[in-house]
Amino acid sequence: MKKTSNRKVRKNKGEKQLAGRRGFGLNEVIGIAAGIIIAAVIVIPGLQTFASSLISNLQSWWTSMSSSIFATTVG
């Protein structure tokens with residue numbers, strides 16, 4: 001017959017307080033690194049494509065606007 005202990009394991013009050021105040025750990029560093037890698041691989045090339053199309057559209061818009069605003073007539 002096995003003896004079972006009826007003893008309760010008590011947690012120290014200090015342990016509970018310290019558990020909520022943990023420092024910056026390895027999981028946080030890995031998460032930040034993963035976020036930077038995802039941004040570099042996915043977001044930045046998409047922004048580059050968006051920016052180049054925006055610049056080309058603005059160039060064509062400015063060409064048409066400048067010709068109508070600063071119209072020069074030779075006469």
Side-chain angles (χ1 to χ4, degrees):
M1 183 156 138
K2 270 187 173 179
K3 282 189 175 181
T4 57
S5 174
N6 290 334
R7 224 177 356 167
K8 291 183 179 178
V9 177
R10 299 171 91 187
K11 285 190 176 180
N12 193 0
K13 287 183 182 179
E15 287 179 20
K16 189 173 185 181
Q17 289 175 351
L18 290 177
R21 293 183 180 178
R22 289 185 139 168
F24 208 69
L26 183 62
N27 289 336
E28 287 82 5
V29 173
I30 291 172
I32 290 170
I36 290 171
I37 291 169
I38 290 170
V41 171
I42 296 172
V43 176
I44 293 172
L47 287 177
Q48 187 177 9
T49 304
F50 171 73
S52 65
S53 80
L54 181 70
I55 294 296
S56 75
N57 287 337
L58 283 173
Q59 284 175 340
S60 65
W61 174 80
W62 177 248
T63 302
S64 66
M65 289 304 291
S66 66
S67 66
S68 67
I69 291 173
F70 307 112
T72 56
T73 56
V74 179

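Please read all numbers here as calculations on a predicted model, not as lab measurements.
- One distance of note links CZ of Phe50 with CD1 of Ile55; it measures 9.5 Å at 0.5 Å rounding.
- Considering every non-hydrogen atom in both Pro45 and Ala40, the closest pair reads CD-O, 3.5 Å.
- In this structure, Ile44 CD1 and Thr49 OG1 are separated by 12.0 Å, a value rounded to the nearest 0.5 Å.
- At a threshold of 4.5 Å between side-chain heavy atoms, the hydrophobic network of Ile, Leu, Val, Met, Phe, Trp and Tyr places Ile37 and Ile42 in one connected group.
- Note that the CD atom of Gln59 and the CG atom of Leu54 stand 10.0 Å from one another [nearest 0.5 Å].
- Going from atom OG of Ser52 over to atom CG of Leu47 covers 11.0 Å, rounded to the nearest 0.5 Å.
- Hydrophobic clustering keeps Ile30 apart from Ile36 (ILVMFWY residues linked when any side-chain heavy atoms are closer than 4.5 Å, directly or through intermediates).
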